[in-house]
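Bear in mind that the values here come from a model prediction, so they are computed numbers and not experimental data. Sequential numbering from 1 along the given sequence is applied to the chain's residues.
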Amino acid sequence: MTGTQQRGRWHSGGYRWVICGLLFAATAINYVDRQMIGVLKPVLQADLGWREDQYADIVFWFQAAYAIGFLVIGKLIDRVGARVGYAVAFGFWTIAHVAHGLVTGIVQFALARFALGLGESGNFPAGLKAVAEWFPQRERAFAVGIFNAGANVGAIVTPLIVPAITLAYGWRAAFVATGLFSLVWVVAWVSLYRRPEESSYVTPAELELIRSDRAVNAAPMQWRRLLMHRQTWAYAVPKFLTDPIWWMFLFWLPDFLSKRYGLDLKSFGPPLIVIYLMSDVGSVLGGYCSSRLIKAGVTVNRARKLVMLGCAFAVLPIVTVQNVDSLWTAVLLIGLATAGHQAFSANLLTLPSDLVPRSAVGSVVGIGGTAGAIGGMLIAKFVGYVLDATGSYGPIFLVAGGAYFFALLALHLISPRLRPLAGEPQTQNPETTW
């Protein structure tokens, strides 16, 4: 078969979904790498002698690095593009991940975790930049929902493979093995990713679709200017309020299941798989629903916010889970909350491409990611304090249950109509009221 014939196999008008699949895979790997510390928390605490506040400090420094990384890498990706920026970030965090298996004490572990946070901060700025390049606005929330669902796949894969490797070869081998395997992705990304205009796999019809509601790309915007616009804060403030809840689930959920229901490394798997499968459904469904509403003629403003309101109600029952005696009832309540978060997040992550020019997407995502990471730093300290003081997750779940209502209220107060900055048109009139 000739090279032309091989390329022709992609000329079905759907190559943008191949790109979405690469983003999905990268996000899954990203979450395997970051969630391993949560799954291995009991083993690591027993082996390295960590207290609750020390574990919280390690999470804190990961979040601090994540915040710092977002400040730098969002701007970098706007300058060098998604292809180079993603490959560099991915390679760096993979090296940091492997380094976890080589440490000998808590300080070295914290340093490896800090480096991991720096690298992993590139995942969403690069991914959202790629979505802004490859998808028209009416498809973006669905595309973001799909690649964001990779987080849940990663969270499902982790309790399936990591305990098995750990029980057979030790926790150090688990970090090294998972890190080396993920380097395959970098090769695929560099080989397959180009901008739509540069890709030989894109048909003229698909390119026309991708460009259908896009203005000519504007010049890069300075951070000082971005920080003066409400469009930036409409993304950053909800990220600050909701990202910490996801971090809490990621890093402390296995501990909650262990303390409340007596699960261990051998029995975490099924409950966590159910929870994150539900999260996957939520991520895709949240993006699909708002995209479907927009295609049906509903304004972008109303579609995004209606779906996000439904997500907030889905999270609310989590406030009762501390008092639930049935493991599987608790699993369903937690799964509903994580699904609500991911559906909310699929719409929130789409806002930068709704509100700012393509040239500023990476920077705005970086600012929002920093805000979310700062929130994650605060929740790490809060959770560590509450667990040391009370041993109960009740106050923690109470905060989780209300966060999404406050986030949506903040979004609506900051940007009542989701009016975009000049340079990125919407498919509907953004000034249309409810």
Side-chain angles (χ1 to χ4, degrees), residues 26-27 30-38 55-78 85-86 88-90 92-93 96-97 109-129 144 148 150-151 154-155 223 226-227 232-253 338 341-342 344-346 348-349 351-352 361-385 396 399-400 403-404 406-407 410-411:
T27 305
N30 183 282
Y31 270 77
V32 169
D33 293 352
R34 73 175 64 179
Q35 197 207 7
M36 280 181 62
I37 190 175
Y55 178 78
D57 284 341
I58 289 173
V59 174
F60 176 91
W61 286 113
F62 172 86
Q63 297 286 2
Y66 207 68
I68 294 168
F70 262 119
L71 288 172
V72 176
I73 204 161
K75 195 70 175 177
L76 173 67
I77 288 168
D78 278 337
Y86 217 154
V88 170
F90 194 102
F92 184 84
W93 96 55
H97 176 74
F109 198 98
L111 289 173
R113 205 72 190 163
F114 188 88
L116 181 70
L118 285 176
E120 288 205 341
S121 65
N123 185 68
F124 282 100
L128 295 174
K129 180 82 169 180
V144 170
N148 190 44
W223 267 49
L226 287 173
L227 291 173
T232 300
W233 296 106
Y235 178 67
V237 174
K239 288 284 284 182
F240 173 79
L241 293 170
T242 59
D243 272 17
I245 309 306
W246 182 250
W247 294 117
M248 181 273 295
F249 286 131
L250 203 64
F251 295 136
W252 273 276
L253 185 54
T338 57
H341 169 88
Q342 289 293 69
F344 191 100
S345 185
L348 182 59
L349 288 169
L351 292 186
V361 166
S363 296
V364 171
V365 171
I367 292 169
T370 298
I374 292 171
M377 294 162 65
L378 296 177
I379 199 118
K381 289 293 189 181
F382 172 71
V383 173
Y385 171 78
I396 299 164
V399 170
Y404 298 84
F406 284 107
L411 169 61

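Distance check: Ser345 OG to Ile245 CD1 gives 12.5 Å after rounding to the nearest 0.5 Å. The distance from the CH2 atom of Trp61 to the CG atom of Leu111 is 10.0 Å, given to the nearest 0.5 Å. Here the straight-line distance linking atom CG of Leu250 with atom CD of Gln35 works out to 5.0 Å at 0.5 Å rounding. To the nearest 0.5 Å, atom CE of residue Met248 and atom CZ of residue Phe382 are 9.5 Å apart. Asn123 CG to Arg34 CZ: the interatomic distance, rounded to the nearest 0.5 Å, is 6.5 Å. Distance check: Asp243 CG to Ile374 CD1 gives 11.5 Å after rounding to the nearest 0.5 Å.
In terms of heavy-atom proximity, Val383 sits nearest to Ile396 at CG1-CD1, 3.8 Å. Of all non-hydrogen atoms in Ala56 and Gly384, the two that sit nearest each other are CB-CA, 4.0 Å. The minimum heavy-atom distance between Ile77 and Gly85, with the atom names listed, is CG1-CA, 4.1 Å. The two atoms that bring Ala410 and Val237 nearest to each other are CB-CG1, 3.7 Å, heavy atoms only. When all heavy atoms of Ala373 and Gln63 are compared, the pair lying nearest together is CB-O, 3.4 Å. Shortest non-hydrogen contact noted between Ala346 and Val144 is O-CG1, 3.6 Å.
Side-chain contact between Ile367 and Tyr235: absent, with no pair of heavy atoms (C-beta onward) separated by less than 4.5 Å. Proximity of Phe90 to Asn30: side-chain heavy atoms (C-beta onward) are nowhere separated by under 4.5 Å.
Residues forming a side chain to side chain contact (heavy atoms under 4.5 Å, CB included) with Leu118 (at least two apart in sequence, or on another chain): Ala65, Ile68, Phe92, Phe114. With sequence neighbours excluded, the residues satisfying side chain to side chain contact (heavy atoms under 4.5 Å, CB included) with Pro238 are Leu348, Ala407, Leu411.
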Assess the residue pair Trp246 and Gln342 against the criterion (side-chain contact (heavy atoms from CB on, under 4.5 Å)); give the C-alpha distance rounded to whole Å, side-chain angles, the decisive distance to 0.1 Å, and a yes or no. CA-CA 9 Å; Trp246 182 250; Gln342 289 293 69; 3.9 Å; yes

For the pair Leu378 and Phe240, evaluate side-chain contact (heavy atoms from CB on, under 4.5 Å) and give the outcome as yes or no after the intermediate values. CA-CA 10 Å; Leu378 296 177; Phe240 173 79; 3.9 Å; yes

Tell me, with the steps shown, if Met377 and Trp247 meet side-chain contact (heavy atoms from CB on, under 4.5 Å). CA-CA 9 Å; Met377 294 162 65; Trp247 294 117; over 6 Å; no

Check the pair Lys239 / Phe124 against side-chain contact (heavy atoms from CB on, under 4.5 Å), numbers first and verdict last. CA-CA 13 Å; Lys239 288 284 284 182; Phe124 282 100; 5.9 Å; no

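Between the side chain of Tyr55 and the backbone N or O of Phe251, at least one donor-acceptor pair lies under 3.5 Å. Remark: side-chain polar atoms of Arg113 are not paired, donor with acceptor, to backbone N or O of Ala96 under 3.5 angstrom.
Between His341 and Tyr404, the ring-plane angle classifies as perpendicular under the 30° and 60° cut-offs.
For residues 367-383, every residue pair satisfying the salt bridge (charged side-chain N to carboxylate O under 4.0 Å, His left out) rule, not counting sequence neighbours, is listed here: Asp57-Lys381.
Checked against the 6.0 Å centroid criterion, the rings of Trp252 and Phe249 do not qualify as a close aromatic pair.
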